Structure formats: structure tokens, C-alpha cells
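Right, one structure below, let's go through it.
Proteins come first, then strands; the chains are lettered A, B, ... in the order of their sequence lines, and each starts at number 1. Hydrogens, waters and symmetry mates are skipped; everything else that's a heavy atom, side chains included, is used. All values reported here derive from a predicted model rather than from experimental measurement.
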Number of protein chains: 2
Amino acid sequence: MASIKDVAAEAGVSVATVSRVLNSHPSVSPDARARVLAAVDALGYRPNAVARSLRTDQTRTLGLIISDVLNPYFTALARSVEEAARALGYSVIIGNADERPELQDHHIRTLLDRRIDGLLVSPTDGGSPQILDAARGGTPMVFVDRWIPGVDVPVVRADGCPAVRDLVAHLYRLGHRRLAIIAGPAATTTGSERVEAFRDALGEHGLTLPDAYIGQGDFQADSGRRATERFLALPERPDVVFAADNLMALGALDAIRARGLRVPQDIALAAFDDIPWFVHTDPPITAIAQPTGDLGRAAVRALVDVIEGRPPQSVTLPARLVARRSCGEPASYQRSNL
Amino acid sequence: MASIKDVAAEAGVSVATVSRVLNSHPSVSPDARARVLAAVDALGYRPNAVARSLRTDQTRTLGLIISDVLNPYFTALARSVEEAARALGYSVIIGNADERPELQDHHIRTLLDRRIDGLLVSPTDGGSPQILDAARGGTPMVFVDRWIPGVDVPVVRADGCPAVRDLVAHLYRLGHRRLAIIAGPAATTTGSERVEAFRDALGEHGLTLPDAYIGQGDFQADSGRRATERFLALPERPDVVFAADNLMALGALDAIRARGLRVPQDIALAAFDDIPWFVHTDPPITAIAQPTGDLGRAAVRALVDVIEGRPPQSVTLPARLVARRSCGEPASYQRSNL
DNA sequence: CGAAGCCATGGAAACGATTACATGGACGAT
DNA sequence: ATCGTCCATGTAATCGTTTCCATGGCTTCG
């Protein structure tokens, strides 16, 4: 592969001049510039990003650690992140943690070894030494979706509380009184927050959330299935199951089907995170939608701000309820427009 | 960040010795080794992958260009690729082409600039100059899922023909005679092959595939919607729509719903690529399932073979029909086990 | 007209690792 | 005792860039 030396030789100039042309340094004569450009073309030269990074100490690359690639919410997020980053001249390397802290740490380590310029993380746990070191160690970092309390890192996320309140009101209006939730891991903010928001919202209607109605999940389908089976085996089973993410809702649907029950006649179902498939499930599923596009863009902007030395801003965007048929008759007052 | 020099100083040895310890070169005294390891620990030293890559001319990184991150088939593939690569000590950088050739080329270019060791591609088009250059230019490369005819690059893919034949037989048995297909872009192998397989299978039953029953899609949901609308507007609308991928099937389902028609009573639907959601759509969708896990593993193995100078092997794995209710009464003889 | 400044250019140092080669000591064989 | 091996180690070159500094020519201004 041709190097800058070959180009210099071909153009009859020094490597310094070639470099200047390539980096559009002003001090280059039109003549030299033309000759260099011609040589670049003739040789099909492309600068070696590895060498450049070594010298400049920047890779123009962002790392993105997502909790699960199979989760459509995160792939939507990844897509918008990549798009926003590309617009700013950055590449993105995605690390899939699969909801496993040790895998998350593996990815953080290799990304740091590669000297990425900044890290976008949706932490899988409450803060491994690895991730805390990275945060304190001066690596530009921004949390997205989930975050770790007590760490001084900007957070870009959606606030689900109002939407959860809307959801509970919606359920209450439809006559449901025994509401259960499948939570995510308590170590994650989205895992605990959604339960709290749910509990608070229930309180507003004079309802309580008994322990038996809190299923412990891990944001993946299987755990939703197991938690739901437990609910269904209860002497007094809940009227509604609210899954804290879309995959656990999928698992819940599986479990309900397996029991031969119907949604919403026998039991209602709702989920956090709206995805295209929810329109087509049987029945269409009521969900809380996050603005993934905006989230991704805001996260990249915040991270690039940190990288380039500007004061970054934490951002909180609203989530909204999309009512469909899985909780009872379509709520005409708030019907999805899809 | 500590460099190898700092470690050398701390341990009281030369950088060469540190390097030898880190690369487990045999010629190092136990004493020196211990001191180096202690220094590494004390400083929290991690080798700079950029510098190492520059010197050794290898990055231990694979590039994976997928056609669309929002397509669950490709994310499943990406996941298995990353897993297999990790097991062999490689990282993976994913590039999302979004079914746009120019975006695919952008990613190929930046991956090559980063000097990845090898490239796994599921081409979005029939072969841009970019991709052909890369192939001829000596970059280790393997096609996965889709490929480009006439280019000497190993291919890892699933053969859908027998499964398509099974599908058509299944449909015929259920009484369907007017079968339509939503094809992918003709420039992609999976785009054209699936149509051919479908046409051939129809032929075996004495049926033909009129032009009006071939919808032109681009593997994304919207195109499935549009193609289906056109089918439904036909004076003699088809009995069945077979979508060449899962997203177009989603679009087709949208269009059918919008028309107020029912599946399968008014029109049947089947798709290439099985995904978890198909179990839960209304109705559950009959699909052709590919072994994504095996595909990913085989692709990585083939690519690493090329990289390490072993003779690589093209691999073709079987796909299989998973019959559900979207084409008519559950085919008990071949019912999904999910 | 001479000093000062500027511009285009080249030489060479640096970035952080790996590795070819040199060196010197220990040890075994003759 | 001498020579040759082998081992542990260090010195320095190298990978492909960027960039500091020096240089020499030209312009400009007093």
C-alpha cells in the first residue's frame, strides 16, 4: 500500500509538503498542491489512519456500549448515534454488552486500548471498577439511557415518569386495579426508576404495589417469560403486566399464550419502549415511546462537546404513551396514530 | 497515560524487555519478568493498540458491513459474528449500510483506512468500484448472506431454494394459486435468487409468475408497503404475498391492514428470514428461517482462514420453512415447534 | 538600500510499540 | 585453557504520519 513517502517521491516534493496538502495547511503553492493531488490520485493513496492517530493522539472514533444488540430500542439508538457522529466526522465502534457486566468491561477495555476519543455508555450494572476508572481517568464519556448515580458524567436520557403516570391513569380508567410490573435489574437506573415511577403513579390512585407483583427481570425475553409465569401462578393474579422493556414484554406475551390466556380479555399487557413490531402483535401493544433519534443526536453532541473542550450538557427528553389494544378497548382519547 | 517507557523505568529494565514480557517471549529471566509485571500493575499500564498496530501492521480487528441494522436478521448475524470473532481474539467494527451503496462505500473506505485485518460484507449492490478494488486489492474478504458474482471471494450463506420449494408446496396444498412476491433489489443476489427460486418452485406446480405479481422492493419496510398496495389494487389480486425479507413483510402487513383485509382469510403472507416477533404477530407469520448463528461462525472462520493464510472455504447452509398461521390453517405436518 | 517579515519548502524529531542486531556472561565440550 | 553456544538484555531502527524548526527567496516598508 502506497505511503506518504511514495506520494512525495511521485510528486517530487517532501513528505512534509504532502502532509500539508492533505491537511489543507495554507502554506502550499498551487503548483505543489496540484502535483501532490495528482500523485495521490495516480497511486490511489489513502492516509494510514493508524499512523495518523499515533501521531495526533486522536482517532476521530467514538465508542458506544449498548446493553443488547438484539433489542430494537438499542439498535435504533445505535443507528441514530452513528448517523449523528458521521455528520461530525466521527466513526462509531459498537460494543454489545449483552446485559453482562463482564462483557461490558471487556469492550470498555478494548475500546480504551484503541484510544477512542470518547465513550457513550448505557451501563449494564451499577458501576464496575472498569467503568468508574474510565470516567475518572479522563476519558470523555457520556451516559445514554441508563446512568450511574454519583459519577460526574453528563447523562442523555428520556424521562419516563410522566408517561408512566399517563399509562397508569389509562389502565385505571379501563378498570384495572391489580397492576404488576416486570422490572429490570435494580443495579440499572432504568431498572429501578421505572418501578418507582410505577409505584408512585399507583399511589396517586390509592393503589399499592405488593412485592408479589414485582417481577425481577434482566431486560431480556426469557426473564419476562419467567416473571410472568410466576404472576400467573399467583392465587390472585394481576390484571395487567407492565414490562420495563420490549423484550421482556415479548417474553410475557409468550408466557401468557402458553397458559392459553388472551390479551387483553384475561390479562392486559404494556411495555416500556415502543418498537415497530408492537403495531402488529396480537393484539397491538400499548407502549411508552422514547425519542431514540433525538436521544442519539443529543448524546453525540454532548460527547463531542466534552471531547472538544466545550461544557457539555445533560439532556432529558420526554417519553410518551402510545395506547393500543393490549390493555382493553382502544383509548380513543389517545389512540396511536400509526 | 503510562507508556512502555514508564514501565521500563519503573522496572529498571529496557523497553525491549518490557515488550518481551508482554508478548511472552521466552528469553526473559524470571526476575525481570516479575519486576516488569509489578511495574505494569503499579502504573495500570495498558499497551497502546494504535502504536502496536502501526508497528506490526495488524489490528486484530474485523470489519463487518451489514445492509441494515434495523433488520433483526442482520443484528442476529452481527451478534454471532462478534461472538465468534471475540473467541478468536478479534474485535469487530460494524458498518451499517442502510441499504445505500454510497454509505456502504463510505464504511469500506474508513475501515480500510483503519487497516482492519479483514472484511465481512453483505453487499448492498452488484459491486461498486470500491468493493471490487478492496477485493482485488488483497484485503482479506468474505461475503456473507449476499455476494457478488464473478469476484473471487469466499461466500458464506444459506441456500433458500429447498425451503422456498417447501413453502410453495405448502401454499399450493392450502389451495393458493395466485402467488406474488416482493423481491429485493435485483443487484443483490438474495434479491434475484429468491425470485428465481420462487418462480422455479411455481413451475413445478404448473404455475407461472406474471410480472404484475413481482413487486420491486429494497428490503426495507416502506417498499413492502408500496408493493403490497400495488398488488391489492390489481383487478385480480394475489392469494399470497411472499416478502423476500422480514421488514418488507412488516410493510406488507401494514398495507393489508390499512386496506381492512384479514390475514390469512383475505390474503396470505409469508416471509424470508424468521425473527422472534413473527411468533407474536397477528397472525403468526410463516417464514423461512436461516441459521444465523452458524452463518456468523462460519463467516468468521472463513475470514480468519484467509487472514492467516489458510485456504478458506465457501460454506452453504440450509434454510428451513417454519409454517405458522399466516397462510391458512396451521400445517400440522410441519408446524413450528416454537 | 537594508532590515524585517512572510511564504513555501525541506529536514528531522516525535508518537509508542516491536524486533533485528549487538553484547557480554555463563557454561559445556574439546 | 579455548572456543563456541546460548541466554538475557540493551541499543537503535522502524512503522506512517504530523509538526517544529531552519532556510532561502521575495516583498514591503522605512
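- Arg35(B) places its CZ atom 14 Å from the P atom of dA8(D), with the value rounded to the nearest Å.
- Ranking dG10(D), dT18(D), dG16(C) by closeness to the Arg20(B) side chain, first place goes to dG10(D).
- Considering only side-chain N and O atoms, Asn48(A) lies nowhere under 4.0 angstrom from the phosphate OP1 or OP2 of dC15(D).
- Among the protein residues, Asp57(B) comes within range of no part of the nucleic acid, since none of its heavy atoms lies under 4.0 Å from any strand.
- The two residues Arg60(A) and Asp117(A) make their nearest non-hydrogen contact at N-OD2, 2.6 Å.
- Between Thr17(B) and the phosphate of dG10(D), there is a side-chain N or O to OP1/OP2 separation shorter than 4.0 Å.
- Judged by closest nucleotide on DNA chain D, Ala32(B) is the one of Met1(A) and Ala32(B) placed further toward the 5' end.
- Comparing atom distances between the Lys5(A) side chain and each of dA17(C), dT11(D), dC15(D) picks out dC15(D) as nearest.
- Ser19(B) comes within 4.0 angstrom of a base, heavy atoms only.
- Between the CD atom of Gln58(B) and the C1' atom of dA17(C) there is a distance of 13 Å, given to the nearest Å.
- Counted within 6.0 Å of CG on Asp133(B), heavy atoms from surrounding residues, nucleotides or ligands total more than 12; the atom is thus considered enclosed.
- Minimum atom distance to the side chain of Val15(A) is reached by dA12(C), of the listed dA12(C), dT18(C), dA17(C).
- Comparing dT18(D), dT9(C), dG10(C) by their closest approach to the side chain of Val28(A) singles out dT9(C).
- Distance Arg115(A) CZ to dT17(D) P: 20 Å, rounded to the nearest Å.
- The residue Ser27(B) sits close to a base: some heavy atom pair falls under 4.0 Å.
- Under the 3.5 Å distance criterion, the side-chain polar atoms of Ser122(A) are left unmatched by any main-chain donor or acceptor of Ser67(A).
- Nucleic acid contact for Ala49(B): none, since no nucleic acid atom lies under 4.0 Å from a heavy atom of the residue.
- Distance alone, capped at 3.5 Å, is enough to place a donor-acceptor pair between the Gln104(A) side chain and the Thr124(A) backbone.
- Distance from the side chain of Ala16(A) is smallest to dT19(D) among dT18(C), dT18(D), dT19(D).
- For the OP1/OP2 pair of dT9(C) and a distance below 4.0 Å, the side-chain nitrogens and oxygens of Ser29(A) include at least one atom meeting the criterion.
- With rounding to whole Å, Leu54(B) atom CG is found 11 Å from dT18(C) atom P.
- Between the side chain of Arg55(A) and the base of dT18(D) there is at least one donor-acceptor pair of N/O atoms closer than 3.5 Å.
- The nucleotide whose nearest atom lies closest to any side-chain atom of Val13(A) is, among dT9(C), dT18(C), dG10(C), dG10(C).
- The two residues Val306(B) and Pro154(B) come nearest to each other via the heavy atoms CG2-CG, 4.4 Å.
- Among the protein residues, Val50(B) comes within range of no part of the nucleic acid, since none of its heavy atoms lies under 4.0 Å from any strand.
- Here the side chain of Arg52(A) is nearest to one of dT17(D), dG10(D), dG16(C), namely dT17(D).
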